[in-house]
Amino acid sequence: MKTFPMFLKMAGRRVAIIGGGEQAAQKTRLVLKTEAKIEVLAEQLEPELEALEASGKVDLHQSAAPEHFRDTALVFVATGCPGADAAWHARAKAEGALVNVVDRPDLCDAMTPSIVDRDPVVVAIGTEGTAPVLARQIKTRVEEVLEPRLGDLAALAGRLRAEVARQLPQSARRPFWRWVFGGEPRRLFASGAEREAMRLIKSAIAEKSAPDQKHGFVSIVGAGPEPDLMTLRGVQRLQEADVIFYDEQVGTETLELARRDAERVFTGTIPGTTPWPQERIVALILAAARQGQRVVRLSANAPDALHLRSEIARLQAAELAYEIVPGVSPQPAERQVASG
């Protein structure tokens, strides 16, 4: 990555927007979603900015002084004139400001992403200024996936977080929140049944556990020879996993798809060491599942491989819930021969 994605705290901080036309209005609309103090530097304002200044939502300065750029969270340069933009960029940088010049990636310390807003859930999509049309296409897909009321559910979770920390032991908190955001409460919230969702959540807090967190679950996931041959369900299971068991046939690119703080247990053979006994691997998988953890057994082999068949048999004997998520088998490339 040439740029590092990060969310900045904006409450009470100053943002300077240089320009009074449509480009400046666009950036102002964006910053108005935050709790920042907005200062517009321009001699004249287009009607939308005039109305915002009249209502007190932005402060207007018709001339700029060095202090307008100091201690700002961000400076947007949006005059619409390439020469003026470059001059304002140099002036702001001289005061140590973090600057974004509209439509000039070469003059940007910070890029403005495409944003999916489900406040407080915010998804930012960036292409480092190379393909803004692609970023908007991705934004459209994400908008379709995230239900409109998801932010309200996240806000409710924020209000209840301290109570959950008091009532539930630390080991039970992640499974609890996984149930809230992946189970019945989220489904009810999305359908408009907020009161019923809240009743379920508060009942689970009182009982100190979520309905589905008392028992673990094992996913036997086929990694495939390449990361792009994993199924969407396989990637989802890696994102949900508490612990992942994998061997030397699983590449680092595949492991990059997993949740960062998931425990990773290497069960392969290190040169010069004794291979892991199959019985030990199975025992660790069973122990993790019995502790209520989400376990992923990640393997490049097909589920009917001998060692996986024995693990499945042990899961069945122990009456532990499991699923098989096979990878995608690569197909040989077809060669097209032009006729004539």
Side-chain angles (χ1 to χ4, degrees), residues 2-136 139-140 143 151 155:
K2 294 181 180 179
T3 58
F4 183 75
M6 179 177 290
F7 288 90
L8 300 176
K9 289 186 176 181
M10 302 298 286
R13 302 183 69 186
R14 293 169 49 240
V15 173
I17 299 176
I18 302 170
E22 174 57 26
Q23 286 186 340
Q26 292 173 4
K27 297 304 180 186
T28 303
R29 290 182 213 124
L30 181 63
V31 182
L32 279 170
K33 293 177 176 288
T34 75
E35 298 178 12
K37 178 182 179 182
I38 303 173
E39 298 180 351
V40 177
L41 284 69
E43 293 183 359
Q44 293 184 330
L45 299 178
E46 58 93 59
E48 182 181 357
L49 290 175
E50 278 189 340
L52 290 172
E53 193 270 334
S55 66
K57 293 183 178 179
V58 304
D59 293 333
L60 173 64
H61 300 277
Q62 293 185 328
S63 61
E67 57 266 22
H68 288 133
F69 304 110
R70 295 174 189 159
D71 299 322
T72 53
L74 188 62
V75 172
F76 285 105
V77 180
T79 69
C81 171
D85 282 352
W88 281 111
H89 169 267
R91 190 170 176 182
K93 291 300 296 177
E95 301 301 327
L98 190 69
V99 184
N100 175 284
V101 181
V102 176
D103 293 334
R104 288 290 302 273
D106 57 313
L107 296 181
C108 289
D109 301 310
M111 306 287 188
T112 305
S114 291
I115 293 175
V116 177
D117 186 4
R118 300 287 189 273
D119 185 34
V121 178
V122 179
V123 180
I125 304 151
T127 61
E128 297 185 343
T130 62
V133 172
L134 174 60
R136 286 193 291 272
K139 166 185 164 66
T140 300
E143 290 276 12

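Note that the numbering runs from 1 along the sequence shown for the chain.
Applying the side-chain hydrogen bond (donor to acceptor under 3.5 Å, both in side chains) rule to Arg91 yields no partners; only residues at least two apart in sequence or on another chain are considered. The side-chain hydrogen bond (donor to acceptor under 3.5 Å, both in side chains) search around Lys37 returns none, not counting sequence neighbours. Evaluation of the ring-ring contact (aromatic ring centres under 6.0 Å, His included) rule for His68 yields His61 as partners, not counting sequence neighbours. Considering only residues two or more places apart in sequence or on other chains, Ala24 meets the side chain to side chain contact (heavy atoms under 4.5 Å, CB included) condition with Ile17, Leu49, Ala78. Every side chain to side chain contact (heavy atoms under 4.5 Å, CB included) that Arg29 has, sequence neighbours left out, goes to Glu22, Ala25, Gln26, Glu48. For Pro120, the side chain to side chain contact (heavy atoms under 4.5 Å, CB included) partners two or more places apart in sequence, or in a different chain, are Ala154, Ala155. The side chain to side chain contact (heavy atoms under 4.5 Å, CB included) test applied to Ala124 returns Phe7, Pro113, not counting sequence neighbours. Scored by the side-chain hydrogen bond (donor to acceptor under 3.5 Å, both in side chains) test, Ser114 finds no partners at all (sequence neighbours excluded). Taking Lys93 as the reference, Asp109 meet the side-chain hydrogen bond (donor to acceptor under 3.5 Å, both in side chains) condition, with sequence neighbours excluded.
A salt bridge (charged side-chain N to carboxylate O under 4.0 Å, His left out) check over residues 63-75, counting only residues at least two apart or in different chains, returns the pairs Arg70-Glu95. Contacts classified as ring-ring contact (aromatic ring centres under 6.0 Å, His included) and involving residues 74-128 (residues at least two apart or in different chains) are not found. Each side-chain hydrogen bond (donor to acceptor under 3.5 Å, both in side chains) pair with one or both residues in residues 123-136, not counting sequence neighbours, appears once here: Thr3-Glu128.
Between Asp119 and Lys33, no side-chain nitrogen of the basic residue sits less than 4.0 Å from a carboxylate oxygen of the acidic one, so the salt-bridge criterion is not met.
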